[in-house]
Amino acid sequence: MKGYAGKYLRVNLTSGETRAERLSEELARKFLGGYGFVAKTLYDEVPAGTDPLSPENVLCLWSGPVAGTPVPVSSKYIMGARSPATGFIGFGIASGGIGSELKAAGWDGIVVTGKAPTPKYLYIQNDKAELRDASGLWGRTTWETEELIREELTDDEVRVSSIGPAGELLSVLANVTNDRNRQVGRSGIGCVMGSKNLKAIAIRGTGDVEVANLDELVEFCRDLYKRCRGPATEKYRVFGTPANVLVHNRLGVLPSYNFQKGTFENAEAVSGERMLETMVKKVTACPSCPIACDHINVVKEGPWAGTVASMDYESLELLGPNCGVADLNAITKAVELCDTLGIDTISAGATVSWAMEAYEKGLITKEDTDGIDLRFGDGEAMVEAVRRMCLREGNLGQLLADGAARAADKVGKDSDKFAMVNKKLEWGAYALRPLQTATLGFATSVRGACYLRSGSYQPDIKGTVDRFHLDRSRGKYVYDGENLYAIIDSLIICKFTRGIYKTNEEFTKLIKLVTGFDMSVDEMIKMGERIHNQAKLFNVKFGAGRKDDYPPPRAFEEKMYDDVNDGAIIDRAEYDEALSGYYEERGWDEDGIPTKKLLKELELDDSLGVKA
Amino acid sequence: MEAKKIIVCDTDKCTGCEICEYICSIYKEKTVNWSKSRIRHVRIEPTFDIAIACRKCEEPLCIKACPREAIVELADGSVEISKDKCNGCGWCIEACNFGALKLDWERKCVFACDFCADLDCPKCVEFCPYEALEFTTLDQVGHEAGKKAFMRIIEELG
């Protein structure tokens, strides 16, 4: 079996035992890798009712078959567990060099159970795996942890994924950082690591990575590299994803003031264009990436001078315009705090913006904010709120550390109406009411509030559909996107390269050159459908139903007015119709549960399915 | 004598993608294994990247350091390491100011860049997506720098 290392590592943190297991070809042929393996592992191995923070929760890390090959942006990995934020499937994909390094070390993945009696980190050096003492690392930032581990192991080339203090303090928003600037961001995987006393995973591999047809793959890659330098990726190369700020502002879909508006009067000041001119010190790439989207900002002056952070659109948007903040220095500082202390920037931004709205409405007071005048637009207040939430410091830190939904539960007073969440996870940086296909895709996503599972904003932004209304046909866009993205996320390649593949046949060609697996486009898409349904089944196992597939109340209850929108709102009846249309497209019942017939057809366990 | 061509890296353009390392191992070792690459990417956080290969030094310290006379300088200025004579002691690695030599643990032998001697242009240079790598002479590097400096003055004077 080419493309795969052929084995994965099992780690029991309670007993300290590590052992190798063979990767079966059947698993590879049915679930491909990455996202597919996470969905399968979690569904099979996390018992129903498992508390996400108990030793029984399963934490897994997988690469895909392309990891370690010269395929553009293929060095990625995915981590998964039952999410402490949503209670459903939790996972995040990160770039950097963890996936490729793991493959070179001779492993496809790692499956971790139990809880270490004292803080540990896992060190994998080729065939050797050991748990090492991490008590000296506990309390350290992610950046310090990377450096300290390399120093301890006397090896600058060790790749490290680690959690910061937020993960140790069991914030359900805690992320995992590797290569400084890359994160497994969403759904609280860092919290699960913290609950297991697992501070970090360090990997060093020096072995060969074998593919089915190296000569042809290299020639294909030569062509793909050229395409990566072409128009399909220009946006990412020049301004990075912050190029979206002005585009979204013009369309009225740039969330500001906790999603109350879709335009921001100071958008120019936080645009990708301005950032490139004033903040960006360097543009860097992940291993195997010919695009280079990673824009490293350095703050030049003021109280945060010297601060360094990698800036992308989602982080910038939610900590910036969505908090009313127009100061790139403050936003850069907040991102640095999130990355080093270990909280997802999206959740951080959408939680602080919730708190700002609650404060301005008088639902929380200075007593709750530790004296901070937490108003929209105040960059210093935003930065301090982020720092406190990362460290659970003071009343404000305690209130915000577990996200907007849980904070609203504590505060009450109908403050949940403007907690911008789905499945208790904070919404990505796309306005809901003027992007209604996107909203359907985000709200039905298995991970919760997720912009990365289907690209459902594309028909809205391209103007293929009427983005201010919904109808039964929209489910098809979400369905098609999810099935293809499940393949991209299982291979795992970067979504920024999706535009360089001219046809779906090129994906099957890629799979064949790497793994040797011969499959038609239909078979590949079927595999994507299987993977998506496997992830959905995990959610069904933990009680998911139609109730979990709605956007937050603001989408239905408040009309939106700004420079572009004149009363945009989602009609609940239209949403229900679109939701039913999506379920129908998927072959699920009205409650969003897959039918036994569909599950049989996809060769999945049908015990939780409903009769057609 | 013909001027020596070396691989130079424009650190403003280098993003640290390591594609040079992948491609080197593929062409020289027929496998994907960046630890067997003859060119080495180095990143100094947060904002510096460079890829370094053999510099074809005028007085190669690696040759002086070798206690077994396993390293010889070729006509083009690159070094050849005799697999028979080298026992992997690594003194040459310590001596090299650029980290341009590596030890192959399996073969117990040191290896270095041969600038893809059978080709007109090294493969890493050919594949570098950002055109950060160039196969050129130091004289040309100096000339280009002079041109750039002069262009700056012309632009400033309008």
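Numbered from 1 within each chain, the chains take letters A, B, ... in sequence-line order.
- Only the side chain of B/K36 comes within contact range of chain A, judged by heavy atoms closer than 4.5 Å.
- For the pair B/F127 and A/C221, the minimum side-chain heavy-atom distance is 4.5 Å or more.
- Contacts between B/W34 and chain A at a heavy-atom distance below 4.5 Å involve the side chain alone, from C-beta outward.
- A distance of 8.0 Å separates CD of B/E45 from CG of A/D179, quoted to the nearest 0.5 Å.
- Crowding of A/K512 atom NZ: a count of heavy atoms from other residues, nucleotides or ligands under 6.0 Å not exceeding 12.
- Taking both residues in full, the closest heavy atoms of B/Y22 and A/G68 are given as CE2-O, 3.6 Å, listed atom of the first, atom of the second, then distance.
- Proximity to chain A (any heavy atom under 4.5 Å) is restricted, for B/E126, to the side chain, taken from C-beta onward.
- Minimum interatomic distance between A/P70 and B/I26 (heavy atoms only, all atoms of both residues): CG-CD1, 3.6 Å.
- The heavy-atom pair separating B/C17 from A/C289 by the smallest distance is CB-O, 3.1 Å.
- For B/S35, the part sitting under 4.5 Å from any heavy atom of chain A is the side chain, from C-beta outward, and nothing else.
- The parts of A/R222 that come within reach of chain B are both its backbone and its side chain, each placing non-hydrogen atoms under 4.5 angstrom from that chain.
- With a 4.5 angstrom heavy-atom cutoff, A/S100 touches chain B via backbone and side-chain atoms both.
- For a residue to count as touching a neighbouring chain, one of its non-hydrogen atoms must lie under 4.5 Å from one of that chain's; by this rule B/C14 touches chain A with the backbone only.
- Within 6.0 Å of CD1 in B/I154 there are more than 12 heavy atoms belonging to other residues, nucleotides or ligands.
- If you measure heavy-atom distances from A/S288 to chain B, the contacts under 4.5 Å come from both the backbone and the side chain.
- Rounded to the nearest 0.5 Å, atoms CZ (B/F48) and OG1 (A/T284) are 12.5 Å apart.
- Taking all atoms of both residues into account, the shortest heavy-atom contact from B/P129 to A/R229 is O-NE, 3.1 Å.
- The choice from B/R43, B/E21, B/K13 that makes the most heavy-atom pairs within less than 4.5 Å of chain A is B/R43.
- Only the side chain of A/V308 comes within less than 4.5 Å of a heavy atom in chain B; its backbone stays farther off.
- Closest approach of B/T31 and A/D208 over heavy atoms only: OG1-CB, 3.3 Å.
- The nearest pair of heavy atoms linking A/I291 to B/Y130 is N-OH, 3.5 Å.
- Considering only heavy atoms from C-beta on, A/K282 comes within 4.5 Å of B/D49 through its side chain.
- Within 6.0 Å of CG on B/D118 lie more than 12 heavy atoms contributed by other residues, nucleotides or ligands.
- The neighbour count for B/K83 NZ, taken as heavy atoms of other residues, nucleotides or ligands under 6.0 Å away, does not exceed 12.
- Contacts between A/E101 and chain B at a heavy-atom distance below 4.5 Å involve backbone atoms as well as side-chain atoms.
- The most heavy-atom pairs under 4.5 Å with chain B, out of A/A104, A/S310, A/C286, come from A/C286.
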